[in-house]
> 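Submitted below is the structure of interest, expressed as structure tokens.
Nothing here was measured: the structure is a model prediction, and the numbers come from that model.
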Amino acid sequence: MVAPEFIVDLNKPLVFQVGHLGEAYEEWVHQPIPTREGPRFFESDFWEFLTRTVWWAIPVIWLPVVFYCISMSVRMGHTFLEIAEMVIFGIFVWTLMEYTLHRFLFHIKTKSYWGNTFHYLIHGCHHKHPMDGLRLVFPPAATAVLCVPLWNFVKLLATPSTTPALFGGGLLGYVMYDCTHYYLHHGQPSSGVPKHLKKYHLNHHFRIQDKGFGITSSLWDWVFGTLPQSRSAEKKK
């Protein structure tokens with residue numbers, strides 16, 4: 001139940017309201033409103049604009065960066081096979097980052113005003129309005145800011161000639177993740193892996209929200225024991 005001393009008004013900008021929910025925020029944010037029209041976040045049109053991103057902006061903006069990074073390692077003398085290995089490794093590392101961020105940051109439990117506000121901005125809004133098509137992918141401006149420390153971290157661990165391809169692989173993994181995430185919410189797969197992933201992810205939203213943190217695969221859920229149980233398994237308990 002929402003705290004009786006404060007009730008969120010869905011007809012007003014939400015970001016600076018949700019913090020007032022305190023301990024009731026956790027329950028409120030995990031009661032989804034599955035409408036395609038998302039809420040307003042801010043009074044300011046400028047800040048509101050920065051929170052909305054069409055899905056195709058992600059590949060349009062970031063794939064050229066991926067190719068440029070890979071080309072840097074090519075120009076430094078690496079073979080096609082070496083480049084392929086570095087890119088694949090970068091994608092693999094991204095899948096672990098995807099799982100880790102989703103489980104330990106995006107699902108962090110908060111109850112303070114600024115904790116609730118921060119969580120709502122980074123992920124809570126997505127659980128409250130899971131079908132909001134303009135807030136399903138990460139805003140490019142925020143991604144650009146995060147790319148700087150990530151590049152420096154890869155540079156610290158890798159050689160000058162391998163850093164660009166490894167970073168490019170990780171960035172490609174991110175692009176695949178964001179596009180997959182959008183498709184799982186708004187696409188209509190009829191069979192195979194896409195259908196399984198859609199069912200798997202919507203199960204995370206609407207049934208077991210503390211399990212199933214993988215988006216592009218269930219690999220790390222299997223490794224770390226966060227696979228959701230089937231309904232039949234639950235009934236046997």
> What residues form a side-chain contact (heavy atoms from CB on, under 4.5 Å) with Pro32, not counting sequence neighbours?
Pro130, Phe206, Gln209
> What residues form a ring pair (Phe, Tyr, Trp, His ring centres under 6.0 Å) with Phe89, not counting sequence neighbours?
none
> Tyr99: what forms a ring pair (Phe, Tyr, Trp, His ring centres under 6.0 Å) with it, not counting sequence neighbours?
Phe224
> From the options His181, His126, His204, select the one residue that forms a ring pair (Phe, Tyr, Trp, His ring centres under 6.0 Å) with His102.
His204
> Report yes if some heavy atom in the side chain of Thr162 is under 4.5 Å from a heavy atom in the side chain of Ser73; otherwise report no.
no
> Please check this pair: side chain of Tyr113 against backbone of Phe16, looking for a donor-acceptor N/O pair closer than 3.5 Å.
yes
> Who pairs with Thr180 by side-chain hydrogen bond (donor to acceptor under 3.5 Å, both in side chains), at least two apart in sequence or on another chain?
none
> Sequence neighbours excluded, which residues qualify as side-chain contact (heavy atoms from CB on, under 4.5 Å) partners of Leu81?
Thr79, Glu85
> Decide yes or no for Phe6 and Gln17: does some side-chain heavy atom of the first lie under 4.5 Å from some side-chain heavy atom of the second?
yes
> Checking Asp178 against Tyr174: is there a side-chain donor and acceptor pair closer than 3.5 Å?
yes
> Can you find a side-chain donor-acceptor pair between His186 and Arg36 that sits under 3.5 Å?
yes
> Under the side chain to side chain contact (heavy atoms under 4.5 Å, CB included) rule, what do Val87 and Glu82 come out as? Steps first, then yes or no, please.
CA-CA 9 Å; Val87 170; Glu82 290 171 337; over 6 Å; no
> Tell me every residue that passes side-chain contact (heavy atoms from CB on, under 4.5 Å) with Lys111, counting only those two or more places apart in sequence or in another chain.
Glu23
